[in-house]
Amino acid sequence: MPELPEVEVITRGLRPHLKGKTIISIWHSGKHLRTPVPYEILRKKLRGEKIADVTRRAKYIQIALNSGSLFIVHLGMTGNMGIFPGSSRKTKHDHIELGLDDGKALRLNDVRRFGSVHFLSASDAQQKESTIFKTAGPEPFDDSFSADYLYKTASNRNITVKQFIMTSQVVVGIGNIYASESLFRARIRPTRKINSLTKKNWSDLIDNIRKVLKHAIECGGSTISDFLNANQESGYFQMNFKVYGKNGEKCSCCSSIIKKEVIGGRASFFCSNCQK
DNA sequence: CAAGTTACCTGACGGC
DNA sequence: TGCCGTCAGGTAACTT
């Protein structure tokens, strides 16, 4: 479900609700997510802590506590976090709840349980390369995410360009939707092998990845079936999809029929006329 | 090493 | 109505 724009939208939505609040209770459904929930640690370490800030790194939401420790959440495919009245009923697939001193509650809901939650002590969090982000590539908006970097990183490999930009060790945050959308805008076919891309191709791709992600954040993310922000509102970037899920429809640019092809096990969409 | 495959989960949908 | 296969925004652990 959530790629970088959706995680960023949730992070921004949560921040004003959480910053400065104290966690007074912790609840857990008892079910494991992708990894076991460190419930006993959370209970010990989070209760009574004040929230300093909420930030995003890759597709992770980081809740920083005043003590310097970090509560980190990954939303997987179907995860979502939102703010609810503490008195409201929990719903099916709620897995974690942090009760706050203003009577509200932060809840993590995740139907498929592909998400994960992590706790880093202040000293672990301070180590720049904590285990979680040790192998993570640059953020798409970082200067280090450059045409030179991609050209060089691609040099001793030969997968398709779509698989390459979806690899978190190469660059973080780009998932199945925004990979297809960025490649369409850069006029590069997703099946192209990376050793065939020129520096100009990489440069165009970077520009369009940034444009698409930025636009999607401004639109509040993409809501396909169930994405909601921290205030339970839909995003509307799906209105701006040019190719994702549009196989059989006419290309908005040239009227050719948009194709669907499975690449690396993931549905991929492109215009074979516009994208070479 | 890189690249390809499988596994983790629930639910929606289409075909029979 | 229900049973079955397929698919879904992610990613790590396998195997080849």
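Order of the sequence lines sets the chain letters (A, B, ...), proteins ahead of strands, with each chain counted from 1. It should be emphasised that the depicted structure is a prediction, and the values quoted were computed from it without experimental measurement.
S222(A) comes within contact range of at least one nucleobase, with a heavy-atom separation under 4.0 Å. Note on K92(A): only backbone sugar-phosphate atoms sit closer than 4.0 angstrom, heavy atoms only; bases stay farther off. Using a 4.0 Å heavy-atom distance criterion, D110(A) is classed as making no nucleic acid contact. Note on I159(A): only backbone sugar-phosphate atoms sit closer than 4.0 angstrom, heavy atoms only; bases stay farther off. If you check every strand for non-hydrogen atoms under 4.0 Å, F237(A) touches nothing. Counting any heavy atom pair closer than 4.0 Å across all strands shown, R34(A) reaches a base atom.
In terms of polar N and O atoms assigned as donor or acceptor, the side chain of R113(A) never comes within less than 3.5 Å of the base of dC9(B) in a complementary pairing. No hydrogens or angles were tested; on distance alone, nothing pairs the side chain of R157(A) with the base of dA3(B) as donor and acceptor under 3.5 Å.
The side-chain ring of F114(A) is not stacked on the base of dC9(B), judged by centre separation under 5.5 angstrom and plane angle under 30 degrees.
With ring centers used as reference points, F145(A) lies 6.0 Å or more from W202(A). In this structure, F184(A) has its ring center no closer than 6.0 Å to that of Y244(A). Checked against the 6.0 Å centroid threshold, F119(A) and F71(A) do not count as a close aromatic pair.
I224(A) has its CD1 atom 14 Å from the P atom of dC13(B), to the nearest Å. Taking atom CG of residue N240(A) and atom P of nucleotide dG9(C), one finds them 19 Å apart after rounding to whole Å. Remark: P of dG9(C) and CG of L213(A) are 16 Å apart, rounded to the nearest angstrom. L33(A) places its CG atom 12 Å from the P atom of dT10(B), with the value rounded to the nearest Å. Atom-to-atom, CG of N195(A) to C1' of dA2(B) comes out at 13 Å; the value is rounded to the nearest Å. Rounded to a whole Å, the CZ atom of F133(A) is 15 Å from the C1' atom of dA12(C). Rounded to a whole Å, the NE2 atom of H74(A) is 14 Å from the C1' atom of dC8(B). One atom, CG of L75(A), and another, C1' of dT11(C), lie 14 Å apart when rounded to the nearest Å.
For the pair H32(A) and dC9(B), the criterion of a side-chain N or O lying under 4.0 Å from OP1 or OP2 is met. A close approach under 4.0 Å does occur between a side-chain nitrogen or oxygen of K59(A) and OP1 or OP2 of dT11(C). OP1 or OP2 of dG11(B) lies within a sub-4.0 Å distance of a side-chain N or O belonging to H93(A).
Listed nucleotides dC9(B), dG10(C), dG9(C) differ in distance to I177(A); the shortest reach to its side chain belongs to dG9(C). Comparing atom distances between the R266(A) side chain and each of dG9(C), dA12(C), dC8(B) picks out dG9(C) as nearest. In the set dG10(C), dG9(C), dA12(C), dA12(C) carries the atom at the smallest distance from any side-chain atom of Y60(A).
dC9(B) is unpaired under the Watson-Crick or G-U wobble criterion, no partner having all donor-acceptor distances under 3.5 Å. Nucleotide dT15(C): paired with dA3(B) (Watson-Crick or G-U wobble, both distances less than 3.5 Å).
Both S168(A) and R112(A) lie near DNA chain C, and the one whose nearest nucleotide falls closer to the 5' end is R112(A).
The side-chain heavy atoms of L108(A) and D94(A), taken from C-beta on, include no pair separated by under 4.5 Å. Between K19(A) and D53(A) there is a side-chain heavy-atom pair separated by less than 4.5 Å.
In this structure, the separation between CG on D101(A) and CD1 on I24(A) is 6.5 Å, given to the nearest 0.5 Å.
For residues 139-155 of chain A, the set of pairs meeting the side chain to side chain donor-acceptor pair (under 3.5 Å) definition, not counting sequence neighbours, comprises R56(A)-E139(A), R57(A)-E139(A), D148(A)-K199(A).
Look at the C1' atom in both dA3(B) and dG9(C): the space between them is 23 Å, to the nearest Å. Remark: the separation of the P atoms in dC1(B) and dT11(C) is 23 Å, to the nearest Å. dA12(C) and dG11(B): their C1' atoms are spaced 23 Å apart (whole Å).
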